[in-house]
Amino acid sequence: MRMFVRLFSLTVLFSSLISFAQADKQNPPTEAEKTAAPRARIALALEGGGALGLAHIGVLEWFDEHHIPVDVIAGTSMGGLIGGFYASGMQATEIKEFAAGINWNKALRNQIPYGDLAFRRKEDKRAYPADLEFGLKGGVHLPIGFNSGQEVGLILDRIGAPYVGMDSFDELPTPFRCVATDLVSGNAVVFDRGSLADALRGTMSLPGVFNPVRENGQVYVDGGLVDNLPVDVARSMGADIVIAVHLRAKPLNAKQGLSALDVLQGSVSVVIAANELQSMEQADVLISVATEDFGTLDYREADKLEQLGLAAAQQKENILSRFALNDADWNAYLAERAARRKTVPVPQFVKVVGPSPEVARGLEKKLQENVGKPLDYTKLNQDMNEITGLGRFARASYGMTQQNGLSGLLVKTEEKEYGPPIVNPLVVVDGSDYTNVRFGLGARITWLDIGGFGSEWRNDFLIGSQYSLYSEYYHPLKWSSPFFAAPRLFASDSPFDLYDNDSRVASYREYMEGGGLDFGITFNRFNQLRFGYQIGHLSLTKQIGASDLDNLAGRQSFSRILYTYDDTDDPTLPRQGINVKTRLEFYDANPGADQHFPLFESQTGFFKRIDRPSSLFVLASGGTTFNRSDIGLPPFALGGPLRLGAYGTNELLTNQYFLIQPGYIRQLKTLSPLFGNHVYAIASYEIAKTYDDLFHESKLPNDVNLGILVQTFFGPVVFGGSVGDSGHRKFYFQVGRYF
């Protein structure tokens, strides 16, 4: 009998909806009819689809404009994210403004802002700019996701912060559910309580891209694999009417060229489409959004996608208008939502969980600036990025907690599961002379806390055209102390070519081995001062060619002071900021030298963004041995990219020089976040002055450079050309390193 009654009720409801669809659009319901009709409990089910899910904002905007209430909401993946925003009390216009402020490319690439990295992590990023990182913890291990979810997590932390301690997501301004896939059981999991931020992370953790969410022995990833359009979940929340929003995807064209990514995406789409079809059949009203012309990564097309959502809802106006509230009821509905909306209390303390007690105490001390005042989300995001920028953690998140009746800021850190040791790989192709291309494959391997907490053992190696090994042990007085000691060992075997008028005239091999000890202070994440002593053996041996430069061999030893300052915004091509690197050395021995001598060199870069796509820069460098001659091989070399690109590498060997390089940077294109960052055009003029040049008379060598730089996930790729004085001209390319 109960089944009969339910079937009869559904039949009546379905018949009513058919009647709504066939109603004359010119005769909408009157205010009296709206008031008299009993209000059905309406649920909205939002589908996942990456960037396509931004169309949900347009649907919600249409609902708000036409007074369509949403009593409960359920979503999956991006649909869960937009649904979570709405459930937290945000109106559609607020969601639109909030989403417009998100740098989606940055969030999906998960790049910690370069300026927020610790000083040594900046050194890592400059020397090893590839995005890939893996570990050797118990063997070779890749990250469980190429994106730890740090940037996306900060967005979700802000949404979830006011709603800590809820017994159920029914307590939100709009009751909410989202769906994830549990990889352990293979089943769908519906989040209905707990941390709202973690629930949203779980529903949108695309396998292999974002780190999954681990909780109570379960591993949660994107819910689209099992229930991409959760109509069943929405109905289980006590809804009378379920309105589902479907995002139409472009079908695979069998005649077009296919990549591995196309095949993978198409295969996943087949799995998702199967569960979507069943959900669409179960919906009472289906809003189908024409998103076929867009891809799941087209976040820059947010405005167009939102307009498509508006248009799709408008097409269903004849049916949806039957659910509209009159002004009085709509205002009452809004007032009820607003009354349930919470704000974040002012934190009275900070608690850090996840790291060792010593680190937790240090971080709590650093975060005390957030106590006793309303949360500043911009500053808090920077604090979390700086914690992650230490290199120890995969991500850092925040929320609120209660202790002894007081509200506090709770910060959670997640250790990297794959390390330490951490491996940063490098692939180098040097086409400074495209007739003599050099290759290299290397890595930086970093162990943490060897011989003391906060210490680092850094090991670099490179094989190929050049062979090198560098090992440094960095030991602070204590983990939070700026003072450190750093002994090091090194060995290298590299080519040393000489050029004359663009032609290679001789090729040498340069062998070096030795060690040193530095003491210093790392003032903050921007600058460091070192002073120390280095001793080793240097030899320069001719392989082929004719040159007046004799073979050299002998001890090389010197004292040094090294100062580095880096307040730029990018390791490969800065758009804003200043960097400085200055060294002062005193040589007590050098092969070929018959006297002791000092050496000074400084390199400075100024970068200024003039609008969103454009920046200006000036590089200035100079070095001198203070008029000392007979010191062996001249210590300064000009020639090659960024050192007079129209000249051959080492074409200008000198004891003293000045080099000025003004230039212009223009952003041409933004790449898919899975493959890289941006494409830039670079133009520069270079002019130098050399003194006591080994092969040339003193003059003003100069040139003009034009190049294209592509920031890929394996490092920068540069193609360029230079035209200079005295007939010098050169085409060059480089992979792996620049600036």
Side-chain angles (χ1 to χ4, degrees), residues 46 48 53 73-90 94-95 98-99 101-102 104 107-108 110 145 147-180 189-206 210-216 218-223 341-345 347 350-354 367 370 375-378 380-385 387-388 393-402 407-414:
L46 303 180
I73 192 165
T76 297
S77 194
M78 192 65 176
L81 181 64
I82 301 301
F85 288 174
Y86 192 81
S88 71
M90 299 173 71
E94 291 180 82
I95 300 174
F98 186 80
I102 298 173
W104 292 102
L108 294 173
N110 197 46
N147 188 325
S148 69
Q150 170 73 10
E151 291 296 322
V152 172
L154 294 177
I155 298 169
L156 306 182
D157 290 342
R158 179 172 178 175
I159 298 300
Y163 299 103
V164 174
M166 293 182 299
D167 292 330
S168 166
F169 289 168
D170 289 340
E171 298 176 31
L172 289 165
T174 299
F176 173 68
R177 303 287 187 271
C178 61
V179 181
V189 175
V190 179
F191 288 104
D192 61 358
R193 65 192 67 241
S195 166
L196 178 60
D198 286 348
L200 295 177
R201 277 189 62 215
T203 190
M204 64 177 299
S205 292
L206 190 65
F210 290 104
N211 284 6
V213 175
R214 296 177 181 268
E215 188 176 285
N216 300 324
Q218 295 175 298
V219 180
Y220 300 125
V221 297
D222 195 299
R341 189 171 183 176
K342 296 182 179 180
T343 58
V344 180
V350 177
K351 183 178 182 180
V352 177
V353 297
L367 295 168
N370 296 285
L375 291 184
D376 180 341
Y377 291 107
T378 300
L380 196 54
N381 286 351
Q382 181 177 331
D383 288 339
M384 297 302 103
N385 283 333
I387 291 173
T388 308
F393 310 110
R395 66 182 298 265
S397 61
Y398 67 87
M400 299 299 294
T401 187
Q402 292 285 326
S407 296
L409 177 65
L410 177 65
V411 174
K412 298 179 181 179
T413 62
E414 295 179 11

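As the structure is a prediction and not an experimental result, all values here were calculated from the model. The figures here come from the full heavy-atom set of this structure, side chains too, leaving out hydrogens, waters and symmetry mates.
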Checklist entry - Is the shortest heavy-atom distance from the side chain of F98 to the side chain of I159 under 4.5 Å? => result yes
Checklist outcome for this item: Interatomic distance, CG@D383 vs OG1@T378, rounded to 0.5 Å, equals 11.0 Å
Next on the checklist: Between R341 and G89 (side chain of the first, backbone of the second, donor and acceptor by atom type, cut-off under 3.5 Å), is there such a pair?
Outcome noted: yes
Item to check | Side chain S77, main chain G79, donor-acceptor under 3.5 Å | outcome: no
Checklist outcome for this item: Of all heavy-atom pairs linking V221 and P212, the shortest is CG1-CB, 3.7 Å
Checklist entry - Are the side chains of M204 and V152 in touch, meaning some heavy atoms are under 4.5 Å apart? => result yes
Item to check | Minimum heavy-atom distance between V190 and V179, given as atom pair plus value | outcome: CG2-CG2, 4.4 Å
Checklist entry - Can you tell me if D157 uses its side chain to pair, donor with acceptor, with the backbone of Y398 under 3.5 Å? => result yes
Next on the checklist: Is there a side-chain contact between L380 and R158 in this structure, where contact means two heavy atoms from C-beta onward sitting under 4.5 Å apart?
Outcome noted: no
Next on the checklist: With side chain to side chain contact (heavy atoms under 4.5 Å, CB included) as the test, pick out the partner of Q150 among N381, N211, N385.
Outcome noted: N385
Item to check | Check: V164 and T401 side chains under 4.5 Å, non-hydrogen atoms | outcome: no
Checklist entry - With a 4.5 Å heavy-atom cut-off, do F85 and I73 have their side chains touching? => result no
Checklist entry - Counting only N and O atoms by type, is there a donor-acceptor contact under 3.5 Å from the side chain of Y163 to the main-chain atoms of K342? => result yes
Checklist entry - Angle class for the F191/Y220 ring planes (parallel below 30°, perpendicular above 60°, tilted otherwise)? => result perpendicular
Checklist entry - Where do G202 and A180 come nearest, in terms of heavy atoms and distance? => result O-CB, 3.7 Å
Checklist entry - Hey, are the side chains of T76 and L46 touching, using non-hydrogen atoms and a 4.5 Å cut-off? => result no
Item to check | Distance (rounded to the nearest 0.5 Å) between S397 OG and L410 CG | outcome: 7.5 Å
Item to check | Non-hydrogen side-chain atoms of V411 and I387 separated by less than 4.5 Å | outcome: yes
Item to check | Derivation of the side-chain contact (heavy atoms from CB on, under 4.5 Å) call for R395 and T413 | outcome: CA-CA 6 Å; R395 66 182 298 265; T413 62; over 6 Å; no
Checklist entry - If you look at every heavy atom in G80 and F176, which pair is closest and at what distance? => result O-CZ, 3.4 Å
Item to check | Nearest-0.5 Å distance, CE of residue M384 to CG of residue L367 | outcome: 5.0 Å
Next on the checklist: Tell me the closest heavy-atom pair linking G75 and T203, and the distance in Å.
Outcome noted: O-OG1, 4.1 Å
Checklist entry - Less than 4.0 Å between a side-chain N and a carboxylate O, is that true for R201 and D222? => result no
Next on the checklist: Quick check: closest heavy atoms across T388 and A396, and the distance to 0.1 Å?
Outcome noted: OG1-N, 3.4 Å
Item to check | Spacing of CG belonging to L156 relative to OG belonging to S88, to within rounding of 0.5 Å | outcome: 11.0 Å
Item to check | Spacing of CD1 belonging to I95 relative to CE belonging to M90, to within rounding of 0.5 Å | outcome: 5.5 Å
Checklist entry - Is there side-chain contact between L409 and K351, with heavy atoms separated by less than 4.5 Å? => result no
Next on the checklist: Checking the side chain of E171 only, and the main-chain atoms of D167 only, is there a donor and an acceptor separated by less than 3.5 Å?
Outcome noted: yes
